[in-house]
Structure formats: C-alpha cells, structure tokens
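Contents: one structure, followed by commentary.
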2 protein chains.
Amino acid sequence: MQKRLHDIIEHVSGASNIGEIGATILGLTDVLDVEHIAYHSVNGGGEYASSTYKDDWIDCYLGNGYSRIDPVVQAGFTQFGPVNWNELDWSGKSARAFMGEAQSAGVGNQGLSIPIRGPRGQFALFTVSQRDSIEGWKSYTDNFALDLVMLAHVINQKALELDTVQGRGEIPRLSPREADALTLLAGGMNRAQSADYLRISEHTLRVYIESARFKLKANNTTHAVARAICLGMIAV
Amino acid sequence: MQKRLHDIIEHVSGASNIGEIGATILGLTDVLDVEHIAYHSVNGGGEYASSTYKDDWIDCYLGNGYSRIDPVVQAGFTQFGPVNWNELDWSGKSARAFMGEAQSAGVGNQGLSIPIRGPRGQFALFTVSQRDSIEGWKSYTDNFALDLVMLAHVINQKALELDTVQGRGEIPRLSPREADALTLLAGGMNRAQSADYLRISEHTLRVYIESARFKLKANNTTHAVARAICLGMIAV
DNA sequence: TACGTTCTCCCCATTTTGGGGGAGTTGCGC
DNA sequence: GCGCAACTCCCCCAAAATGGGGAGAACGTA
C-alpha cells in the first residue's frame, strides 16, 4: 500500500478544486480495501462532506441530528488519535438504536475514524468502515492506521487550502491589548479584574473590548470571545 | 530514513512517561539530521516543552513573551500545514529584531514548524531548525515534510495520552439543552433571543446557563462559553 | 515628517446578567 | 417501581455590562 498511498497523496496535493478531492476520496475504497469512506469537515459555519454512504442514510443522519448521539463523533471530538469503533461504549440505548439503523443502512460494523483539527476551530473526521470480524479489523487497523492518519492529514490540508483560497477571507487582526482583554475575559475575569490585571483603567479596557467586538463583528463580549477563540486569536 | 522513522515511532509509542518522550525527542537530531528540535505543547493552562535550544534563549523567549511576535508561532496558529520559516514575512521591525536575537542564540536560520491541534484547544508546535541555504533546506523539507508531520502526530498523541492519564480528568458533560444554550450565546444572541429561539422561557434558559456554568466551574457566561468551546463541547 | 494604529483616560442612562428560592413533569437506567 | 437527571415554568432585586460620545500621547510604518 505504501506505493499507492504515495500516488494518492500526490494526486490529492495536485487537486485544483474541492470536487476533484471528493472524487479522489470516493475512489479510495479500492486502494484502501474498505467498503466505505467518509470525509466530513465543519469549519465555522461552513460544512463539507463526501462519502460513499447511501443518500438515504446521510439524509436520515443529518435530519435527525445524529451527530449528537453518534458515539463515533463524540469520541472523535474529545480524543486526538484514531477512533476504533469497536472500542467505544455502545451500551447506551440511543447509541444502540443508532448503530442498528446504521447497520440497516449498509454501514459496516467495523470502522476507524480519524479526527483532524485545523485552525479556527475546524474539525473533520476521516472514516473508513467495513463489514468485518473484530480480529480481521484489528489486523487492518494495526497495519494501516498510521497511513490513514497521514492520508487524512493530506486530504484535510488540501481541502482547507482550497476552501480558504476560494472563500471568506478578511480575517481581522486584534491588537495585543485587545487580545489581552479578551483572553482575560475568556478566563473568567470581569472587566474590573481584567483592567486591574492589565494595570489600566476599566474604561480603557472597555475601549479594547469594544474595538475587538467591532473587528470581530460580534454582538457582545461573549460573542467576541467565542469568535476570537474559534479564529485562533486568543489562547485560553 | 523510513526505517529509522519507524523505529522512532515504535519507541515513542512504547514510552511510559513524559520524560522518556522528551529524551527521545532530544535524541532525534541525529536521526533527522538537523541541529535543533523543539516540541512545545499548550493545553488549557498546562504547558510542556522540550527542545535542544540553549536555556538562555528559552528563558529570554518566555520572559519576553516572544510568542506574541514570533512569526512562526503566529503562522502556526492560523495555518494547518507545516510552516516553512523562509516563507514567512520577516519585514516587520519586531520580527526582524526577534530573528536577530534568535540567530545570536544559535537558532538555525532555516526551520520547519508543524502545528498540531488536539481536543480541548490543545495546540503544539513541533519544530526542526538548522543553519542552511534556502536551496538545501528546500530539498530537505520537500523530502521529509510528510515524515515530520507523522512524527509530530505520533509524539503529540503519546504526550497527550500520558498527560490525560496522569492528570486532571473529570470532564464535565453538558446536557443537550445546556449545550444549546451556550451555543446560541456563543453565537451572539442574548438570553431573550436564545430563549425565543429554543422556544422556552427566558427563565428556563437561565437555569441551563447556570447549571452549565456550575458544571464548567465558570465565573460567568463568557467564561462558560469559552471553556465549553475549548473543551470541545459546543460547535460554533 | 506625516499618517495610521494603538494606547490611555472619563461620565451617565439603559440593558443585561447574576443570585436566591420553589416546584412539577418526563424519560432513562437499575 | 424507584431514583436520578434533564426539562420546564415563575418572581424580585442587586450587580455588572453596554451604548454613546470625545480627546490626547506614543509608536511604527511609509
């Protein structure tokens, strides 16, 4: 697989639009020797998905907001490394029902989902799934987990690149003081405490908060802090 | 390098404490054929660093808060892929002064920094640097960028694993309504609007906000929203 | 040097949050 | 069936944040 993986990476890196990437992803089932592949990215309001699942299932999943109960998504959200489906807790009632529906829709019983995070709160899951035994799947994941991680990384890099090139630029830049102010507020201080901490008057602090709010097109402080965090402008 | 890379990955994966990883990282200069290596992770208050730089330089860097003006850090924060130092904008006065100091401290003039993001707002930079010509460095990065990405990924995964095993677990779980409330507030709505949107009374909404605040040990709404975002509990 | 951005200071009326306390229904797991 | 957690509703008042407007000094860049 090493050789073919390299070809795929070359191919993805050379893509010039998001559609090419999608097509490449869908064509990977042969190369990766799995039944299903899915790549799903959430990027501050924007969303992109491409998978070999049936449309029925996708509609059902989105329509019912299944990402809320999908243990795979939950796990991917909170862990760094790949999520092996059979290592998750499927004991909950809703989780079990969800898995049942997924099986009926043709989703494999075994799967590996790789969480990937980008700047500005971007989050993506690259998933391969298949009908397989626990042992068979274990040997597959043991062998290819690292390759899949790399592939997911490359795909996500290209997808982000094309996304930012095409779209919604205008990233505001906060001044140091503005960032300070939002950072302290995000840390739970109120205005008086923050001003005290920065050794400036509370009024001055307000000016920073207001200008930051303006730059971030935020309605209030909470909104500004949320956006600043998502845009990677302040470290909390 | 492929073979050796594999050995390193094995070695890192088998580490049982953070010190072993640090030692492994420092020992990588030979294998990766570079002068300096640094791994620096920020994880919600916690911080871990390990590098081959001189202590003087590290103290100077931290003491002066250089991460604020360091173009490498800035770039790493906002982009997904590796940051090649010589592709950055060094024209600013402070950036130029910073680079001058770094050079004097023995940091290489060429470098590649790989940003990595984990759950709960974790952010790390894995950097290799060296004194080299632009061409020489280009051929190095062209050849090994992907390997370095993978290595950074593996190191970070193990570091996070050991960190979470040893430390500060107790991850609160928000109820769906609590997450809804914080999500809307993070989106810029006030309590009245959010309650309206969720078709519940404003008072009910307050109950959710307060219980979320309690679970998150947050001082106020802004703090709760910031923490929820960093902990990956709400998607903004 | 001139321009722009950043940093710093201040009042007052209005809106939004926070604190405290109480209570009934529903749904899931054991 | 019991218990627990989540969901829903309500009042009053104190504290905090927001909006609107004005202005001078310091810094770095062009």
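When reading the values below, keep in mind they use all heavy atoms of this one structure, side chains included, and skip hydrogens, waters and symmetry mates. Every value quoted in this text rests on a predicted model; they were computed, and no experiment measured them. Protein chains get the first letters and strands the later ones, always in sequence-line order, with residue 1 at the start of each.
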### Task
Take the protein atom NE2 of His203(A) and the nucleotide atom P of dA17(D), then report the distance between them rounded to whole Å.
12 Å
### Task
Please work out whether the ring planes of Trp137(A) and Tyr140(A) are parallel, tilted or perpendicular, with thresholds of 30° and 60°.
parallel
#### Entry: Nearest listed nucleotide, side chain of Arg206(B), among dG20(C), dC10(C), dC7(C)
dG20(C)
### Message
Please report the distance, rounded to the nearest Å, between CD in Glu210(B) and C1' in dA6(D).
### Response
16 Å
### Task
In whole angstrom, give the distance that lies between atom CG of Leu174(B) and atom C1' of dA6(D).
13 Å
### Task
Whole angstrom is fine here: how far is it from CD in Gln193(B) over to P in dT15(C)?
14 Å
### Query
Can you tell me how far P of dT16(C) sits from NE2 of His223(A), to the nearest Å?
16 Å
### Message
In this structure, how many angstroms lie between the C1' atom of dT8(C) and the CD1 atom of Ile209(A), rounded?
### Response
15 Å
### Task
Could you please name the option among dA17(D), dT16(C), dC10(C) that lies closest to any side-chain atom of Asn190(B)?
dT16(C)
### Message
Need to verify one output field. Residue with the more 5' nearest nucleotide on DNA chain C, Val207(B) or Leu198(A)?
### Response
Leu198(A)
### Task
Indicate whether any N or O donor in one side chain lies under 3.5 Å from an N or O acceptor in the other, for Ser129(B) and Glu35(B).
no
### Message
With nearest nucleotide decided by heavy atoms, which residue, Met189(A) or Ser201(B), maps closer to the 5′ end of DNA chain D?
### Response
Ser201(B)
### Task
Measure from the side chain of Pro176(A), starting at C-beta and using heavy atoms only, and say which of dC7(C), dT8(C), dA6(D) lies closest.
dC7(C)
## Note on the structure
Checking dT17(C), dT8(D), dC7(C) against the side chain of Tyr208(B) (C-beta onward), the nearest is dT8(D)
### Query
Between Lys138(B) and Glu135(B), is a salt bridge (charged side-chain N to carboxylate O under 4.0 Å, His left out) present by the stated rule, with each step listed?
CA-CA 5 Å; Lys138(B) 177 166 169 41; Glu135(B) 298 75 31; over 6 Å; no
### Task
Look at all strands and tell whether Ser211(A) reaches a base, only sugar-phosphate, or nothing, counting heavy atoms closer than 4.0 Å.
nothing
### Query
What class does the angle between the rings of Phe98(A) and Tyr66(A) fall in, given that below 30° is parallel, 30 to 60° is tilted and above 60° is perpendicular?
perpendicular
### Task
Let me know the distance between CG of Leu185(A) and C1' of dT18(D), rounded to the nearest Å.
13 Å
### Query
With a 4.5 Å heavy-atom cut-off, do Leu88(B) and Trp90(B) have their side chains touching?
yes
#### Entry: Nearest listed nucleotide, side chain of Arg213(B), among dG19(C), dC9(C), dC7(D)
dG19(C)
### Any Lys215(A) side-chain N or O less than 4.0 Å from OP1/OP2 of dT5(C)
no
### Message
At 4.0 Å (heavy atoms only), tell me whether Thr204(A) reaches a base, stays on the sugar-phosphate, or touches nothing.
### Response
base
### Query
Base, sugar-phosphate alone, or nothing: which one does Arg191(B) contact when heavy atoms must sit under 4.0 Å apart?
base
### Summary
To the nearest angstrom, the CG-P distance between Leu205(B) and dG18(C) comes to 11 Å
### Message
If the cut-off is 4.0 Å, is Ser175(B) near the phosphate of dC7(D), judged by side-chain N/O to OP1 or OP2?
### Response
yes
### Task
Using a 4.0 Å heavy-atom cut-off across all strands, classify Asn219(A) as base, sugar-phosphate, or nothing.
sugar-phosphate
### Message
If you take the centroid of each ring, where Trp contributes its six-membered ring, are Tyr48(B) and His40(B) closer together than 6.0 Å?
### Response
no
### Task
Side chain of Asn220(B) only, please: which of dT8(D), dA16(D), dG18(C) is the nearest?
dG18(C)
